[in-house]
Structures are given as structure tokens and as C-alpha cells.
Amino acid sequence: PHQLLQALDRAGVDLLQTANSQSVTNSQLGLVSTLNAIRAAGMEPVGTFASSAEFKKSGGFTMLEVQGIRIAVVAFTKGMDGRGLPEGTESCVNLLYTDYNSYYRNINTDGIKKILKEVQKEEPDITIALLHWGSAYNGIVSDSQKKIVKLMQQEGVDAIIGSHPHLVQQIDFDEENGTLVAYSLGDFFSDAVKSGTEYSVILDLEITKNNETGETKITGFSFVPIFTVSDGERLRVVRIAEAMTA
């Protein structure tokens, strides 16, 4: 794991979404050791926290500046494979649902709003939400996902980038309002066992800032289709167009 983290850092990765199904697989101790390992490798975790005090200090999000644009990044997960958070650690993982360890029916409206209001106090140019949501190996977007999109956009989120279904899903871009929702990018690196999971995309967002008015919005997007190839002994990720040309 440490070699993988170092490789990601060398590849230019700055942030890792840690709010997902495996956030507390090895209990709170595992969560804390993961956060420490990510930071030791030179990156920053998003969506999970070592303690309630760390969550409170951070506000539940991460700020970064890219080429003069201030970007707020926040991450949430639908749940953690049925696992619950022990008493006293409830704020250590950003959650999309209050019934996160059972049915995923009750949206955590208050919790989501609380974090996003803290985000807006920082007056970011752009806010990006990384969401671990949806149904695994299923292309259907649920009604609750659509409600979450509406809620987050009302609270100032510009881009929502999804994961968990293991399949590529639709991208909705509202050019007029400068908002984008990518429901699922698929698996960047797949085990290539289930059909369809080998395909994914690397998403690029075009963010434009008007230096006179200060207005900043998403003005476009593009993506690179990729594929996980297995030769029986190892897996490697290739860019589909370049691989076909080669």
C-alpha cells in the first residue's frame, strides 16, 4: 500500500477520496492509519477524519488553489458496507444518508448542508463534491441521487464526481449555470472480472475565471476512455484510442 501511495504522489495526485465503502473496514484504527499513510506520501485525504476534533477543525472539506483558482473539495459516502460508526466517532466519515448502515433511504440533509455552509464561508471559486454512491454494477440513477444533486447544487456545489457503481454512467453538463454531474466514472483500475468494469474514463474539467468580475464557472469538459487489460498474470491500464492506434 505504501508503494502504491508513493506511486500516486509521483504521478501528480494531490487528493484521495477516503469516504467510501472501506473507510472503517479495519475499525477506527485502520481509518487513522490510512489517513496517516496518505499524508506521509505527500497527498491529502478527503471525506474522512481521524477524530471529531479534526473534522471540526477542517469543517469537513479541503481547500486548494490551482493556477489562481480557489477550489473547495468535499467527499461523502452512501455507507460503509453495513458497518456503523462507534459512539464518539460519528463525524469521522462524511455520510450521504442517516440510515447509512441499512437502506440508504433517508438523505442526511442536515449533515450535508452543515458542511456545505462551512465551505461557502471560505468563498471558494469552485466547489467539487466527490460522492461514493449509487448501486454496484447497475447503471440506474436513483431518485435519492437526483435529490442529492439538487440539494448540493442549491448549496453551491459546481461539480459532482461519482464513484462506486464500477460502471461508467451519464455526465450531465449545464453550460448556462456552469454545473456538471458525472454519476460514475467507473473503476480507474479494475479487477477486470465482471464485464463492463474494464471500461472507465479520466475526466478533465475546464474551469474559467473572469479576472475582472471574479466569476468562475465550469465552461466545458472532456474525457479519456481507458481500459484495464489482463494478460493472466498482471493488469495494466491503457488509453483506448492510443492502444488501438498502436
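The structure presented is a predicted model; accordingly, all values stated were derived computationally and were not measured. Because only heavy atoms are used, hydrogens play no part in the values below, and waters and symmetry mates are left out as well, while side chains stay in.
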* S142 and Y104: CA distance, side-chain angles, deciding distance, side chain to side chain donor-acceptor pair (under 3.5 Å) verdict -> CA-CA 11 Å; S142 69; Y104 318 118; over 6 Å; no

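- In this structure, D204 contributes its side chain and S222 its backbone to no donor-acceptor pair below 3.5 Å.
- Heavy-atom neighbours of E90 CD from other residues, nucleotides or ligands within 6.0 Å: above the threshold of 12.
- A donor-acceptor contact closer than 3.5 angstrom is absent between the side chains of Y137 and T197.
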* Asked: Would S190 and T228 satisfy side chain to side chain donor-acceptor pair (under 3.5 Å), going step by step from the backbone distance to the final call?
  -> CA-CA 6 Å; S190 168; T228 302; 4.8 Å; no

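- Under a 4.0 Å N-O distance rule, the pair E44/R39 qualifies as a salt bridge.
- Taking the side chain as every heavy atom from C-beta outward, L96 and M152 approach each other to under 4.5 Å.
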* ring pair (Phe, Tyr, Trp, His ring centres under 6.0 Å) between Y183 and W133, intermediate numbers included -> CA-CA 8 Å; Y183 283 94; W133 63 348; 5.6 Å; yes

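- E176 places no side-chain N or O within donor-acceptor distance of the main-chain N or O of D174, the cut-off being under 3.5 Å.
- Remark: the backbone N or O of N138 is paired with a side-chain donor or acceptor of Q169 at under 3.5 angstrom.
- Within a 6.0 Å radius of CD in E123, other residues, nucleotides and ligands contribute 12 heavy atoms or fewer.
- Within 6.0 Å of CZ in F189 there are more than 12 heavy atoms belonging to other residues, nucleotides or ligands.
- In the model, E206 has a side-chain atom that pairs as donor or acceptor with a side-chain atom of T219 under 3.5 Å.
- Paired with S21 under the rule side-chain contact (heavy atoms from CB on, under 4.5 Å), one option of M80, K78, H132 passes, and it is H132.
- Counting heavy atoms from C-beta on, the side chains of V74 and I128 never come closer than 4.5 Å.
- Within the 3.5 Å criterion, the main-chain N or O of T179 finds no donor-acceptor partner in the side chain of D158.
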* Would Q145 and D143 count as a side chain to side chain donor-acceptor pair (under 3.5 Å) if you check the C-alpha gap in whole Å, the side-chain angles of each, and the deciding distance to 0.1 Å? -> CA-CA 5 Å; Q145 284 180 273; D143 288 340; over 6 Å; no

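- No donor-acceptor pair closer than 3.5 Å links the side chain of Y100 to the backbone N or O of N108.
- Remark: the backbone N or O of A50 is paired with a side-chain donor or acceptor of E54 at under 3.5 angstrom.
- Heavy-atom neighbours of F227 CZ from other residues, nucleotides or ligands within 6.0 Å: above the threshold of 12.
- Looking at heavy atoms from C-beta onward, T216 lies in side-chain contact with I207 at the 4.5 angstrom threshold.
- Counting non-hydrogen atoms of neighbouring residues, nucleotides and ligands closer than 6.0 angstrom, the CD atom of Q154 exceeds 12 such neighbours.
- Around the CG atom of N210, the shell of radius 6.0 Å holds more than 12 heavy atoms that belong to other residues, nucleotides or ligands.
- Remark: the backbone N or O of R70 is paired with a side-chain donor or acceptor of D125 at under 3.5 angstrom.
- Under a 4.0 Å N-O distance rule, the pair K121/E118 qualifies as a salt bridge.
- At distances below 3.5 Å, not a single donor-acceptor pair connects side-chain atoms of N26 with backbone N or O atoms of L31.
- For F223, the CZ atom sits in a loose shell: 12 or fewer heavy atoms of surrounding residues, nucleotides or ligands are nearer than 6.0 Å.
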* I would like to know whether E155 and I112 meet side chain to side chain contact (heavy atoms under 4.5 Å, CB included); could you show each step before the answer? => CA-CA 9 Å; E155 295 296 323; I112 294 170; 5.9 Å; no

